[in-house]
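Just so you know, these numbers come straight off a predicted model, no measurement behind them. Proteins get letters first, then strands, A, B, ... in listed order; numbering begins at 1 in each.
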2 protein chains.
Amino acid sequence: MRNRNDDIANAMELLARLPGLGPRSAQRIVLHLLRRRESLLQPLAQALAALEQSVKRCGECGNYDTTDPCHICGDAKRQQEVICVVKDVADLWALERAGVHRGLYHVTGGLLSPIDGIAPDDLDIAKLLERVRALGVREVIIALDATVEGQTTAHYIAEALHGQEVAVSHLAQGVPVGGELEYLDDGTIAAAFRARGRMGE
Amino acid sequence: MRNRNDDIANAMELLARLPGLGPRSAQRIVLHLLRRRESLLQPLAQALAALEQSVKRCGECGNYDTTDPCHICGDAKRQQEVICVVKDVADLWALERAGVHRGLYHVTGGLLSPIDGIAPDDLDIAKLLERVRALGVREVIIALDATVEGQTTAHYIAEALHGQEVAVSHLAQGVPVGGELEYLDDGTIAAAFRARGRMGE
């Protein structure tokens, strides 16, 4: 853009490449930052530099952390014999928020997808198998998306674990908490109907 | 959030304070950045640091630039005797994009608003008057929002310029280019009707 200096244009161009942002919102953000130089711009520049320098992938599970192994893999109080398989770190965080899993994780980094060129080798299943053996894992909980890719990947992982002395489980499908039947898709209603349980259990 | 390291949490918290973003989109952005460490995270951290260090307000007009006076005020080829008054730098950029104004600018930094505590002294009108005299300005074009605050501010500035040998003009109001009458508000239709011009002119 004419008459706009390079530092501004550069910051704007990079911000526009963030998910959910475009040229308009990037411009708004740059002006917002320039008006809050000390309270926001400077801390944010430093925070992103720190992020880049200190945060790495955990060599064990694929989580992001400042330490490798990450604080989950390094926490002796967590169950070493239960591994939960998730697609990415956002899903790992979602499970940690829910606070139901006390074991370890394996982050696949994606789902099998011939269209996107994601093949079994990309999911680091060898590392999962190695840890299952080394840690004496007794349960692998597959917590992948309830989509075609998620379920294909889940089946692939279950197959790969076949022959190990380990139980393989998956998340239950059904009506989401707070969900209204009227607005649910047929697949969810059918799954919830089939997997119905006795009242009071 | 539990089990998420400080550098990640800090970056996320700061990103969530940007306009249009919240905790969810900030989390998505952090993961997006960590996956594109060299192509996006590092350049963005550097770009924001450069923005903070090099970009300042122009002491003449209030524009943002790496130089003071800014490249517009310092451009001898621009008309020194026409000043366009805008609310903020986003509006200055919008006018530059339109490419219709060949003169200088005065950025008020806001609009008069008793509710938000923005008083005449906050708009740097003294500086505008000083430049009108020093540069021998013959026209001040007031390009403020067509809102109550914008028009109140426009009238205030016109009053302040009263007694100077300078023409004060404002942007025309009417149907926006590409606008369909059916979807325009009554005020715009009335303004366009009143300010109607002869066909072919």
Side-chain angles (χ1 to χ4, degrees), chain A residues 1-8 10-15 17-21 24-25 27-57 63-67 70-72 75 88-90 92-93 96-97 99 109, chain B residues 1-8 10-15 17-21 24-25 27-57 63-67 70-72 75 88-90 92-93 96-97 99 109:
Chain A
M1 180 169 304
R2 186 166 28 133
N3 282 329
R4 195 182 277 176
N5 84 69
D6 285 349
D7 286 329
I8 294 178
N10 187 33
M12 216 145 21
E13 193 265 316
L14 289 164
L15 285 167
R17 283 163 54 193
L18 297 180
L21 300 183
R24 283 266 151 159
S25 40
Q27 171 179 311
R28 218 167 120 227
I29 287 174
V30 163
L31 289 172
H32 188 88
L33 288 170
L34 284 169
R35 280 189 215 108
R36 288 155 189 84
R37 215 170 269 260
E38 258 137 69
S39 65
L40 194 53
L41 175 51
Q42 202 189 350
L44 182 60
Q46 285 169 356
L48 295 183
L51 199 65
E52 199 250 323
Q53 277 152 34
S54 71
V55 176
K56 39 192 158 288
R57 278 203 101 93
N63 188 15
Y64 284 121
D65 209 332
T66 41
T67 56
C70 74
H71 73 280
I72 294 179
D75 183 352
D88 56 29
V89 176
L92 185 157
W93 288 343
E96 286 297 291
R97 271 201 304 274
Chain B
M1 178 168 306
R2 187 165 31 128
N3 282 328
R4 195 181 276 177
N5 85 68
D6 286 350
D7 286 329
I8 295 179
N10 187 33
M12 217 144 22
E13 193 266 318
L14 289 164
L15 285 166
R17 283 162 54 192
L18 298 179
L21 300 184
R24 282 267 151 158
S25 40
Q27 171 180 310
R28 217 166 120 227
I29 287 173
V30 163
L31 289 172
H32 188 89
L33 288 170
L34 283 170
R35 279 189 216 110
R36 289 156 189 84
R37 214 171 270 259
E38 258 137 68
S39 66
L40 193 52
L41 175 50
Q42 202 188 351
L44 181 60
Q46 285 169 357
L48 294 184
L51 198 65
E52 199 250 322
Q53 276 152 36
S54 70
V55 176
K56 38 193 159 285
R57 279 203 99 94
N63 188 15
Y64 284 121
D65 208 333
T66 41
T67 55
C70 74
H71 72 279
I72 294 178
D75 182 352
D88 57 29
V89 176
L92 184 157
W93 288 343
E96 286 298 290
R97 271 200 305 274

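With respect to chain B, the highest number of heavy-atom pairs below 4.5 Å among A:Asp88, A:Leu34, A:Thr67 belongs to A:Leu34. Between chain B and the residues A:Ser25, A:Ala90, A:Gly20, the most heavy-atom pairs under 4.5 angstrom are made by A:Ala90. Of the listed residues (A:Glu38, A:Arg35, A:Gln46, A:Arg36), the one with the most heavy-atom contacts under 4.5 Å to chain B is A:Arg35. Most heavy-atom pairs under 4.5 Å with chain B, from the set A:Leu51, A:Leu14, A:Leu18: that is A:Leu51. Of the residues considered (B:Gln42, B:Arg28, B:Lys56, B:Glu13), B:Gln42 shows the highest number of contacts with chain A, using heavy-atom pairs under 4.5 Å. Ranking B:Ala47, B:Ala50, B:Pro19 against chain A, the residue ahead of the rest is B:Pro19, based on heavy-atom pairs under 4.5 Å.
Taking a 6.0 Å sphere around CZ of A:Arg37, one finds it holds more than 12 heavy atoms contributed by other residues, nucleotides or ligands.
Residue A:Ala49 comes nearest to B:Ala45 through the heavy atom pair N-CB, 3.7 Å, listed as atom of the first residue, atom of the second, then distance. The minimum heavy-atom distance between B:Arg97 and A:Gln27, with the atom names listed, is NH1-OE1, 3.6 Å. Across B:Arg17 and A:His32, no two heavy atoms sit closer than the pair O-NE2, 3.7 Å. A:Val89 and B:Leu31 get closest at one heavy-atom pair: CB-CD2, 3.7 Å.
For B:Leu15, the parts sitting under 4.5 Å from any heavy atom of chain A are the backbone and the side chain alike.
The shortest side-chain heavy-atom distance between B:Val30 and A:Tyr64 does not fall under the 4.5 Å cut-off.
The CG atom of A:Leu40 sits 9.5 Å away from the CG atom of B:Leu48 when rounded to the nearest 0.5 Å.
Here B:Asn10 pairs with nothing under the side chain to side chain donor-acceptor pair (under 3.5 Å) rule; sequence neighbours left out.
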